Each structure stands twice: as structure tokens, then as C-alpha cells.
Amino acid sequence: MTEFERAVYEAVKRIPEGNVSTYGQIARSAGYPGAARAVGNALHHNPDETNVPCHRVVNASGKLAKNFGFGGPEEQRRRLMAEGVYVMDLTVDLNDYGIDDSELSKY
DNA sequence: AAGTTGACGACGA
DNA sequence: CTCGTCGCCAACT
């Protein structure tokens, strides 16, 4: 477990239920602005470990990860729907469910 | 040590 | 809106 990964998971855990965040947003919140790509990588080889709500993380377009590691985007979609986040065609409306950077860094 | 890879992002056409 | 490119960063080979 690298320091970078740890920071990423911590950031992901801060996403409130019923909301979603983007990789870039997580990267910033974790203290690694611009490392959106690396964030995705980290989450990939780390399905959950300690209850990390990785299903609340989508790309900048609100689109779900196409290579989600549990059961494909389908599983991610189900989880989001279960939290009240409506997902249409594997896409989330960030204008409604997306959160502000301040919501993640307020700690 | 150097090059490749990938759950990404911003921008221009 | 849909590509195609280029830039990014950390992990992996």
C-alpha cells in the first residue's frame, strides 16, 4: 500500500451517500491534483479493502467506469441506484448528484 | 533505469 | 454530441 493509494481511499470514503464524485476531484482532494488517471489505477487493483465506496466515483462526464472490477458497470449502477442516485445508460447527472470540491476537503 | 499502461481530463475540430 | 490528441501521474514490466 503506497502513500498515494492511502490518500486516494481516504478521499473516496469522504463521498457522502447519495452523491458521486469524479476521479479528478478525488485526486485533488487526496492532495495529488492532476493524478486522476493514477486514481483510477489505484482503485482498480483495490476493489474495496475497507469498504471504499468506489461505486460513487465516475469520470468527468458522469459516465461509469467501463472496466469496473466487481461485475462491470452494471454492478456499479445498481449500487448507485440503491443509494438514490439515478443512473441512465451508465451515466450520472453530475449537476444533480455531483458534489463540490469543498464537500470533500472539509475536514 | 526506461518504456508502457490505464477505473482520466481538457480542448479543438 | 462524437471523435482524435495531448497532457498527467503513479504503478508495472
Side-chain angles (χ1 to χ4, degrees):
Chain A
M1 172 77 64
T2 65
E3 186 60 28
F4 169 73
E5 294 173 315
R6 188 188 63 66
V8 171
Y9 302 138
E10 288 303 305
V12 175
K13 287 181 189 172
R14 295 186 213 128
I15 306 175
E17 185 177 304
N19 283 110
V20 298
S21 185
T22 68
Y23 293 93
Q25 212 167 16
I26 292 301
R28 284 192 296 275
S29 178
Y32 295 78
R37 223 165 178 170
V39 169
N41 249 319
L43 289 181
H44 180 62
H45 75 72
N46 225 50
D48 52 354
E49 185 167 321
T50 53
N51 304 324
V52 179
C54 46
H55 56 280
R56 295 186 194 148
V57 185
V58 299
N59 61 34
S61 307
K63 204 81 166 84
L64 302 192
K66 53 184 175 186
N67 297 329
F68 195 67
F70 284 100
E74 305 173 18
E75 184 58 25
Q76 183 175 9
R77 171 181 155 313
R78 289 202 329 163
R79 292 193 181 192
L80 288 172
M81 292 294 274
E83 297 184 2
V85 178
Y86 195 69
V87 182
M88 177 151 305
D89 191 43
L90 302 182
T91 305
V92 176
D93 188 335
L94 292 177
N95 202 38
D96 291 338
Y97 306 102
I99 62 181
D100 192 79
D101 272 35
S102 54
E103 292 296 313
L104 288 174
S105 45
K106 64 173 184 184
Y107 267 105

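All values derive from a computational prediction rather than experimental measurement.
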If you take all heavy atoms of A/Ala27 and A/Ala36, which pair is closest and at what distance? CB-N, 3.7 Å
Are any non-hydrogen side-chain atoms of A/Asn46 and A/Val52 less than 4.5 angstrom apart? no
In dot-bracket notation, what is the pairing pattern of DNA chain B, taking Watson-Crick (N1-N3 plus N6-O4 or O6-N4) and G-U wobble (N1-O2 and O6-N3) contacts under 3.5 Å, with [ ] crossing and | for other strands? .|||||.||||||
Between B/dA7 atom P and A/Phe68 atom CZ, what is the distance in whole Å? 13 Å
Sequence neighbours left out, what passes side-chain contact (heavy atoms from CB on, under 4.5 Å) with A/Ala11? Give chain and number order. A/Arg14, A/Ile26, A/Ser29, A/Ala30
State, with a plain yes or no, whether a side-chain heavy atom of A/Val85 is found less than 4.5 Å away from one of A/Asn19. no
Pairs satisfying salt bridge (Lys or Arg N to Asp or Glu O under 4.0 Å), at least one member in residues 79-98 of chain A, at least two apart: A/Arg56-A/Glu83, A/Glu75-A/Arg79
Work out which heavy atom in A/Glu5 is nearest to a heavy atom in A/Thr2; give both atom names and the distance. OE1-N, 2.9 Å
Here the ring pair (Phe, Tyr, Trp, His ring centres under 6.0 Å) pairs for residues 6-39 of chain A, sequence neighbours left out, are A/Phe4-A/Tyr32
Contacting residues from residues 74-82 of chain A, given that a heavy atom lies under 4.0 angstrom of DNA chain B: none
Quick note, ring pair (Phe, Tyr, Trp, His ring centres under 6.0 Å) partners involving residues 61-103 of chain A, not counting sequence neighbours, are A/Phe68-A/Phe70
List every contact pair, protein side and nucleotides 9-13 of chain B side both N or O, where the distance is under 3.5 Å.
{"unit_1": "B/dG9", "atom_1": "OP1", "unit_2": "A/Ala60", "atom_2": "N", "d": "3.0"}
{"unit_1": "B/dG9", "atom_1": "OP2", "unit_2": "A/Ala60", "atom_2": "N", "d": "2.5"}

Sort me out a list of protein N/O and nucleotides 10-13 of chain C N/O pairs below 3.5 Å, or just none if empty.
{"unit_1": "C/dA11", "atom_1": "OP1", "unit_2": "A/Thr2", "atom_2": "OG1", "d": "2.6"}

List, one per line, each side-chain donor-acceptor pair under 3.5 Å for residues 57-65 of chain A, sequence neighbours excluded.
{"unit_1": "A/Asn59", "atom_1": "OD1", "unit_2": "A/Ser61", "atom_2": "N", "d": "2.9"}
{"unit_1": "A/Asn59", "atom_1": "OD1", "unit_2": "A/Gly62", "atom_2": "N", "d": "3.2"}
{"unit_1": "A/Asn59", "atom_1": "OD1", "unit_2": "A/Lys63", "atom_2": "N", "d": "3.0"}
{"unit_1": "A/Asn59", "atom_1": "ND2", "unit_2": "A/Lys63", "atom_2": "O", "d": "3.3"}

Applying side chain to side chain donor-acceptor pair (under 3.5 Å), name anything that partners A/Gln76, two or more places apart in sequence or on another chain. none
Sequence-distant partners of A/Glu3, side chain to side chain donor-acceptor pair (under 3.5 Å), two or more places apart: A/Arg6
Under the side chain to side chain donor-acceptor pair (under 3.5 Å) rule, collect the residues that match up with A/Glu74, sequence neighbours excluded. none
